[in-house]
Q: 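Structure below; questions to follow.
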Protein chains: 2
Amino acid sequence: MIYTVGEVAKQLDVAASTLRYYDKEGLLPFLERSGGGMRVFKDEDLSWLKIIECLKKTGMPIKEIKHFMDCCTEGDSTIDERLSIMELQRDAVIKQMTEMQEMLDMLNYKSWYYETAKKAGTCAIHDKIPIENVPEKYHKYLQNK
Amino acid sequence: MIYTVGEVAKQLDVAASTLRYYDKEGLLPFLERSGGGMRVFKDEDLSWLKIIECLKKTGMPIKEIKHFMDCCTEGDSTIDERLSIMELQRDAVIKQMTEMQEMLDMLNYKSWYYETAKKAGTCAIHDKIPIENVPEKYHKYLQNK
DNA sequence: GTACAACTTAAAGTTAACTTTAAGTCAATG
DNA sequence: CATTGACTTAAAGTTAACTTTAAGTTGTAC
């Protein structure tokens, strides 16, 4: 199967203009054109778009993704570098997830805080709750004035 | 203890200009000033900065953070809304973490892919590896041409 | 073969979140 | 009380990642 830019955009839920922009920035070296100059996407190109999406979603800037794609085009001499790029990105994601978990913990505390305030009808309740009534996991968020 | 903008910037590892920008955008309604017009941060203000940081790191735009801070200033009549903001943000973070895990899985596959290519000296090895030698968890990334 | 929707390009515009600049003021030190 | 580093403001500048525009071309459906 082959697809136009609009069809691929719909499949991946991105704007067609975004795919054209990626092409202009050199992210899609695999892309071929029809006789009339239209972009022609093949099924295997969707795999490329998925790895690009993966790098983008994990925070890699367009220029670095281009560098990775340049390595892919260059061939086997860049295997080491590509492995290194993937490992570094994996480590970055693990770091991001660790931070996300910390943020989630804080949001859980804040949800508990406002649930408690809601039941009491006022945030002032939090000046009166004895520490032993605050779940242990939230102790680190309590202010030590 | 009280702190200047520069001291707080150093403590939280952000630029002082960023804190001034947040102030200008209305994110720091708790901030007081010295007689001479200098920003004065108190210890309890750091807790505010931490929740702002949490919302920011989980992708909330400045304008929405301002809205949350406006609610905080308004008082107990906004408890429901603040609870709702926290719960929605928590759900958003859970979604982000799920996606992150998928991205991590793909990066792990790609790392394996390039490790294998590195050992063989060529990416072409991947056309020759029988599917039973590909770890099960990576099967979903294999192209079905 | 003629509509017409979807494609093409280059160039300009948009948005968010800062960052920098310039000109001036504050506050701690010797 | 002068120096000096850190602060103040408003306004302009920066950057990334698109998005829109305008003018024109392609390809499919009737």
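Computation of the quantities below employed the complete heavy-atom set of this structure, encompassing side-chain atoms and omitting hydrogens, waters and symmetry-equivalent molecules.
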Q: Between atom CZ in B:R33 and atom C1' in C:dC26, what is the gap in whole Å?
A: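 So the CZ-C1' distance, B:R33 to C:dC26, works out to 13 Å.
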Q: Whole-Å distance between D:dC18 P and A:D23 CG?
A: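 Taking CG of A:D23 and P of D:dC18, I get 14 Å after rounding.
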Q: Whole Å only: how far is the CZ atom of A:F41 from the P atom of C:dA6?
A: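 My rounded result for the distance is 16 Å.
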Q: When you compare the side chain of B:Y22 with that of B:V14, does any pair of heavy atoms fall below 4.5 Å?
A: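 They are not in contact (no side-chain heavy atoms under 4.5 Å apart), so the answer is no.
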Q: For the side chain of A:P61, counting heavy atoms from C-beta on, which of D:dA17, D:dT8, C:dT8 is nearest?
A: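 So the nucleotide nearest the side chain must be D:dA17.
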Q: Just call it for B:A15: base, sugar-phosphate, or nothing, with non-hydrogen atoms closer than 4.0 Å on any strand.
A: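 The answer is sugar-phosphate, as B:A15 gets under 4.0 Å only of primed atoms, P, OP1 or OP2.
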Q: With a 4.0 Å limit, can you tell me whether B:S34 has a side-chain N or O closer than that to the phosphate oxygens OP1/OP2 of C:dA27?
A: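 Yes.
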Q: Of the options D:dC18, C:dC26, C:dC7, whose atoms approach the side-chain atoms of A:R20 most closely?
A: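 Nearest to the side-chain atoms of A:R20, counting from C-beta on, is C:dC7.
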Q: How close or far is atom C1' of C:dC18 from atom NZ of B:K24, stated in whole angstroms?
A: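 Atom-to-atom, B:K24 to C:dC18, this comes out as 10 Å.
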Q: If you count heavy atoms of other groups shown closer than 6.0 angstrom to CG of B:D13, is the number above 12?
A: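 Open: at most 12 neighbouring heavy atoms sit under 6.0 Å from CG of B:D13.
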Q: Output the rounded distance in Å from OH (A:Y21) to P (C:dT8).
A: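 For the pair A:Y21 OH and C:dT8 P, the rounded distance is 17 Å.
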Q: C:dT19 C1' sits how many Å from B:E25 CD, rounded?
A: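 Nearest whole value for this atom pair: 14 Å.
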Q: Whole Å only: how far is the CD1 atom of A:I62 from the C1' atom of D:dT15?
A: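 So the two atoms are 13 Å apart, to the nearest Å.
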Q: Return no unless some side-chain N or O of A:T4 is found under 4.0 Å from OP1 or OP2 of C:dA6.
A: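 Indeed not, no polar side-chain atom of A:T4 lies that close.
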Q: For D:dA17, does either OP1 or OP2 sit under 4.0 Å from a side-chain N or O belonging to A:Y22?
A: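 Indeed not, no polar side-chain atom of A:Y22 lies that close.
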Q: Given D:dT19, C:dC18, C:dA27, which nucleotide is nearest the side-chain atoms of B:M38?
A: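 Looking only at side-chain atoms, B:M38 lies closest to C:dA27.
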Q: Please report, rounded to the nearest Å, how far the C1' atom of C:dA28 is from the CD1 atom of B:I2.
A: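 After rounding, the gap between these two atoms is 13 Å.
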Q: Assign each of A:S17 and A:G35 to its nearest nucleotide of DNA chain D by heavy atoms, then name whichever residue's nucleotide is nearer the 5' end.
A: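 Upstream on the strand: A:S17.
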Q: A:F68 versus A:M86: any side-chain heavy-atom pair under 4.5 Å?
A: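 Yes; the side chains approach each other to less than 4.5 Å.
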Q: It should be established whether B:R39 places a side-chain nitrogen or oxygen under 4.0 Å from OP1 or OP2 of nucleotide C:dT25.
A: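 No, no such contact exists.
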Q: Under 4.5 Å between any side-chain heavy atoms of A:V40 and A:Y3, yes or no?
A: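 A side-chain contact is absent here, since even the closest heavy-atom pair is not under 4.5 Å.
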Q: Looking at A:I62, is its backbone amide N or carbonyl O close enough to the side chain of A:H67 to form a donor-acceptor pair, meaning the two atoms are under 3.5 Å apart?
A: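 Flag not set: sc A:H67 to bb A:I62 has no pair under 3.5 Å.
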